[in-house]
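Step one of this worksheet: look at the structure below.
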Amino acid sequence: MSLDQSQISLTFPDGNARSYPAGTTPAEVAASISKSLEKKAISAQVNGAHWDLQWPIEADARIAINTMADDAPALELIRHDLAHIMARAVQEIWPEVNVTIGPVIENGWYYDFDRAAPFTPEDLGLIEKKMREIINRRDPVTTEVWDRDRAVAFYKAQNEPYKVELIEAIPGTEPIRMYWHGHWQDLCRGPHLQHTGQVPGDSWKLMSVAGAYWRGDSSRQMLQRIYGVAFQSKEKLKAHLHMLEEAAKRDHRKLGREMNLFHMQEEAPGQVFWHPDGWTIYTQLQDYMRRKQRAGGYREINTPQVVDRKLWEKSGHWDKYQHHMFLVEVDESRDGETDDAAVKDKAQTRINALKPMNCPCHVQVFNQGLKSYRDLPLRLAEFGSCARFEPSGALHGIMRVRGFTQDDAHIFCTEDQIQDECARFIDFLADVYAELGFPEFEIKFATRPEKRVGTDESWDYVEGALENAIKAVGRDYTLEPGDGAFYGPKLDFYLTDAIGRVWQCGTFQVDPNLPERLGASYIAADGDKHRPYMLHRACLGSFERFIGILIENWEGKLPFWLAPRQVVVAAITSEADAYVAEVVAALQAQGVRAEADIRNEKINYKVREHSVGKVPVILAVGAREVEDRTVSVRRLGEKQTSVQPLDAILAALAAEATPPDLR
RNA sequence: GCUGCUGUAGCUCAGAGGUAGAGCACUCCCUUGGUAAGGGAGAGGUCGAGAGUUCAAUUCUCUCCAGCAGCACCA
């Protein structure tokens with residue numbers, strides 16, 4: 001502690017402290033250390049907070065000066081200053097454009113503009129050029145804290161209404177900070193670099209322009225958002241652009257077409273036409289899940305697709321979910337001979353909905369016959385085909401669709417069975433994910449939201465049960481306070497794919513509400529009727545989306561047991577054709593998906609075509625193999641081939657074709 | 001749903017106010033070739049749908065449909 005009020009003590013990362021006048025800025029601190037540090041400094045950490053070099057320090061503090069060698073602050077400043085530089089470039093080219101906000105995001109930044117004419121790809125080039133000019137000007141960055149009214153008046157005079165609105169949204173306790181990059185001005189909480197010349201000239205790129213709502217609100221003005229990416233070096237930018245290319249190669253829409261797995265067409269937007277090879281993957285996965293669920297104590301059921309609105313009114317979906325439902329109006333008085341569907345007897349018209357979820361139907365199954373506490377927990381599973389009217393802009397390949405099938409199940413149980421069922425499910429899911437090639441997953445625990453039903457005691461109990469369950473199976477989780485459903489808490493499961501992307505697939509939700517609405521009950525040991533809890537749970541989510549994830553994860557090179565085409569037996573000369581047929585038949589008899597290629601093509605051609613087609617194993621046979629009863633084995637991605645006896649490869653491939661749960 | 005862009009042969013794409021082209025794939029012929037494209041020939045398209053402008057529209061304009069990117073949505 002300094003004795004003198006006007007002096008403060010600043011402690012450096014090495015533990016040494018020095019005394020400075022109160023109000024000293026990190027820039028002055030850096031200068032007091034060395035000329036080179038003064039030049040290299042970009043910002044500081046003051047008591048851990050990211051601090052602009054120009055901001056005064058008024059009290060004793062821990063301080064560290066940041067340079068470009070400090071990754072996190074360097075990237076933040078580069079990206080943040082580029083956001084300002086881009087906005088400045090845009091206003092230098094088109095002075096009438098209004099600026100709004102421009103935050104740093106993963107890998108870069110964006111800035112939202114209000115401009116009548118759309119930005120074109122050519123405009124992006126112009127903006128980049130102007131940005132380079134601005135960087136080369138090496139304009140100093142300066143900052144001041146302004147009085148709120150002065151700032152509002154300033155932006156009104158500048159005709160920047162969005163800035164005025166932003167200031168009005170800043171809490172009264174926070175300062176209004178203004179920044180200048182040369183003459184160009186922006187409202188910003190900072191920090192920023194010393195001058196524009198500190199931004200590396202060639203390690204960033206403008207990527208795209210797209211619409212975005214002002215303040216993320218779809219009822220408000222649509223702005224134009226320009227995205228950029230930025231790194232500390234040209235090499236890192238290149239690596240990033242390369243990674244984007246790699247991700248594009250995995251696109252399931254592209255691979256689905258190339259591998260002839262499925263297609264979609266405009267008469268059925270958001271719905272999948274599965275081709276034989278794609279459907280092979282689908283059925284393999286479904287058969288696998290069916291076996292796992294049977295082993296896990298689930299009973300499989302199947303329920304109707306077209307269900308009268310009365311049930312949806314009871315379940316509450318009619319009120320809350322109607323705009324997402326496909327409705328089917330049927331004139332029940334039709335004679336069955338009139339082809340014109342538009343001719344309807346309104347009085348006789350019945351409104352149905354395609355089911356968007358399976359839960360209400362599952363309660364109907366539960367409700368048949370009296371249930372005893374001895375029947376619980378009752379685990380009802382369905383590969384439930386659902387239809388949801390998703391907004392057109394949300395559709396994405398087979399990942400976000402309007403018609404899909406969930407690996408859905410509902411567990412009817414008592415309150416004190418929740419914890420066990422939850423633990424059991426986490427183990428089930430971990431097992432499935434590991435066998436499908438996703439050993440790593442995260443759990444997010446979403447707790448009671450503001451708007452909810454049920455008593456606090458009940459929430460306490462159920463949340464406690466979930467938490468105990470996670471601990472019982474020895475897993476970590478992250479808390480998402482307030483993110484639960486209105487009726488109960490939930491766990492969401494996020495798996496990580498081969499290139500580090502995370503996907504939410506599994507879910508586990510506790511629901512006392514729907515059994516109540518739909519009148520589910522069981523006879524407890526005390527002889528009275530009680531309400532069961534309903535646990536909604538899914539592991540893969542939907543088959544469509546999960547297969548999309550599998551395709552992208554494996555870049556189309558699915559594990560052998562899931563690969564739609566497992567083996568191609570290719571003749572090198574037509575003299576081997578009969579032997580090819582024999583090998584194919586022997587493989588098929590072992591349950592291997594094998595096909596013959598005896599076309600009039602060279603072996604090079606065949607190898608290339610089936611490699612491109614991601615067939616995991618090519619068996620080439622020519623005169624030698626026919627003679628020796630062997631095959632030449634070539635694995636996808638390997639250049640080396642090996643000659644093996646027919647019997648040996650039959651046994652090996654049959655073993656490989658066995659799904660992981662049956663090994 | 002919103003903003004912008006796109007829609008030409010199975011796929012990837014070129015093209016132009018006067019009713020269309022390439023490569024690959026496909027079919028046939030030659031070739032029997034030893035591990036990522038052998039050679040030749042042929043066939044294939046109401047240029048997403050509808051309307052308008054024009055002597056003439058696939059090309060220009062409008063509406064619709066679908067796709068792509070982002071936003072919003074995903075109780």
Side-chain angles (χ1 to χ4, degrees), chain A residues 105 110 112-121 123 207-227 248 251 253-254 257-258 260 263-270 315-317 319-324 356-357 359 388-397 399-402 449 451-452 483-488 490 504 507 509 511 513-514 536 541-542 545 568 570-577 598-613 618-625 632-643:
Chain A
I105 54 173
Y110 66 75
D112 287 348
F113 300 96
D114 187 8
R115 178 188 184 221
F119 289 112
T120 64
D123 288 342
M207 299 298 284
S208 60
V209 52
Y213 296 110
W214 169 234
R215 316 213 94 190
D217 182 343
S218 62
S219 67
R220 305 202 64 180
Q221 176 85 15
M222 175 67 75
L223 305 169
Q224 295 189 64
R225 174 172 297 177
I226 302 179
Y227 286 91
D251 192 316
R253 293 167 298 187
K254 177 171 142 13
R257 191 168 44 241
E258 287 172 1
N260 193 15
H263 85 273
M264 304 177 89
Q265 62 186 53
E266 53 177 275
E267 288 84 350
S315 70
H317 290 90
D319 279 349
K320 290 199 178 125
Y321 208 74
Q322 199 186 138
H323 57 291
H324 277 298
M357 292 166 201
C359 23
R388 292 183 188 172
F389 188 78
E390 299 286 359
S392 58
L395 303 177
H396 179 85
M399 299 271 213
R400 185 87 182 265
V401 286
R402 287 180 174 165
K451 279 179 70 180
R452 59 179 182 266
D483 259 9
F486 70 92
Y487 47 74
K490 63 171 181 176
Q504 192 247 309
T507 188
Q509 305 178 17
D511 183 5
N513 183 59
L514 202 57
H536 308 253
S542 89
R545 180 161 175 271
V568 169
I572 293 168
T573 76
S574 53
E575 286 163 27
D577 287 359
I598 54 169
R599 291 175 303 169
N600 177 17
E601 296 292 349
K602 291 194 172 179
I603 193 63
N604 287 326
Y605 184 91
K606 295 180 182 180
V607 165
R608 176 174 196 278
E609 186 173 283
H610 299 126
S611 299
V612 168
I618 299 170
L619 302 182
V621 298
R624 290 202 295 274
E625 288 79 9
S632 166
V633 184
R634 182 182 167 117
R635 298 260 174 186
L636 182 59
E638 292 174 20
K639 222 165 159 59
Q640 206 118 51
T641 61
S642 69
V643 175

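Lettering follows sequence order; numbering is per chain, from 1. Values in this document were obtained by computation on a predicted structure and should not be read as measured data.
Rounded to an integer number of Å, the gap from CG of A:Asn604 to P of B:G33 is 13 Å. B:G34 atom P lies 12 Å from atom CD of A:Glu575, rounded to whole Å. In this structure, NE2 of A:His263 is placed 14 Å from C1' of B:C11, rounded to the nearest angstrom. B:G67 atom C1' lies 12 Å from atom CZ of A:Arg402, rounded to whole Å.
The gap from the C1' atom of B:A49 to that of B:A66 amounts to 10 Å, rounded to the nearest Å. Taking the C1' atoms as reference points, B:A9 lies 12 Å from B:C24, given to the whole Å.
Distance from the side chain of A:Ile572 is smallest for B:G34 among the nucleotides B:G34, B:G1, B:A36. Comparing atom distances between the A:Arg624 side chain and each of B:G34, B:G67, B:A36 picks out B:G34 as nearest.
Minimum interatomic distance between A:Pro356 and A:Arg388 (heavy atoms only, all atoms of both residues): O-NE, 2.9 Å. Taking both residues in full, the closest heavy atoms of A:Gly622 and A:Glu625 are given as N-OE1, 2.8 Å, listed atom of the first, atom of the second, then distance. Across all non-hydrogen atoms, the minimal contact from A:Ala620 to A:Ile572 is CB-CD1, 4.0 Å. Smallest separation of non-hydrogen atoms from A:Ile598 and A:Ala571: CG2-CB, 4.0 Å.
Under 4.0 angstrom from either OP1 or OP2 of B:A36 there lies at least one side-chain N or O belonging to A:Arg634. Using a 4.0 Å cut-off, some side-chain N or O of A:Lys639 falls inside it from OP1 or OP2 of B:A36. Taking only side-chain nitrogens and oxygens, A:Arg257 comes nearer than 4.0 Å to OP1 or OP2 of B:U12. The phosphate of B:A69 (OP1 or OP2) has a side-chain N or O of A:His396 nearer than 4.0 angstrom.
For A:Phe119, the side chain to side chain contact (heavy atoms under 4.5 Å, CB included) test picks out A:Val90, A:Trp94, A:Phe113, A:Arg115, A:Asp123, A:Ile127, A:Val209, A:Gln224, A:Ile226, with sequence neighbours left out. The side chain to side chain contact (heavy atoms under 4.5 Å, CB included) test applied to A:Asp483 returns A:Ala446, A:Glu480, not counting sequence neighbours. Qualifying side chain to side chain donor-acceptor pair (under 3.5 Å) partners for A:Lys602, counting only residues two or more places apart in sequence or in other chains: none. With sequence neighbours left out, A:Arg635 forms a side chain to side chain donor-acceptor pair (under 3.5 Å) with A:Glu656. For the side chain to side chain contact (heavy atoms under 4.5 Å, CB included) test, residues two or more places apart in sequence or in another chain that qualify with A:Glu609 are A:Arg599, A:Tyr605. With sequence neighbours left out, the side chain to side chain contact (heavy atoms under 4.5 Å, CB included) criterion links A:Glu266 to no other residue.
The aromatic rings of A:Tyr321 and A:His317 stand perpendicular to each other, their planes meeting at an angle above 60°, with 30° marking the opposite boundary.
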Sort me out a list of protein N/O and nucleotides 23-29 of chain B N/O pairs below 3.5 Å, or just none if empty.
{"residue": "B:A25", "atom": "OP1", "partner": "A:Tyr605", "partner atom": "OH", "Å": "3.1"}

Check nucleotides 59-65 of chain B for protein N or O atoms closer than 3.5 Å to its own N or O atoms and list the pairs.
{"residue": "B:C65", "atom": "O2'", "partner": "A:Glu266", "partner atom": "OE1", "Å": "3.2"}

What's touching nucleotides 39-45 of chain B from the protein side, N or O pairs under 3.5 Å?
none

All N/O pairs under 3.5 Å across the protein-nucleotides 72-75 of chain B interface:
{"residue": "B:A72", "atom": "O2'", "partner": "A:Ser218", "partner atom": "OG", "Å": "3.3"}
{"residue": "B:C73", "atom": "O2", "partner": "A:Arg400", "partner atom": "NH2", "Å": "2.8"}
{"residue": "B:C73", "atom": "N3", "partner": "A:Arg400", "partner atom": "NH1", "Å": "3.1"}
{"residue": "B:A75", "atom": "N6", "partner": "A:His317", "partner atom": "NE2", "Å": "2.1"}

Listing time: all N or O pairs from protein to nucleotides 3-5 of chain B that are below 3.5 Å?
{"residue": "B:U3", "atom": "O2", "partner": "A:Gly211", "partner atom": "N", "Å": "3.4"}

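Side-chain contact between A:His536 and A:Thr507 is absent, with no heavy-atom pair separated by less than 4.5 Å. Side-chain contact between A:Lys606 and A:Val568 is absent, with no heavy-atom pair separated by less than 4.5 Å.
For A:Ser574 and B:U32, a side-chain-to-base donor-acceptor distance below 3.5 Å is present, hydrogens and geometry of angles not being considered.
Salt-bridge annotation for A:Arg253 and A:Asp251: present, with a side-chain N of the basic residue lying under 4.0 Å from a carboxylate O of the acidic one.
Across all strands, A:Glu625 comes closer than 4.0 Å to base atoms (heavy-atom distances).
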Worksheet item: Please, what dot-bracket string fits RNA chain B when only Watson-Crick and G-U pairs with both distances under 3.5 Å count, crossing ones use [ ] and pairs to another strand use |?
Response: (((((((..((((....[..)))).(((((.......))))).....(((((..]....))))))))))))....

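Few gaps surround CD on A:Glu258; more than 12 heavy atoms of other groups in view lie less than 6.0 Å from it.
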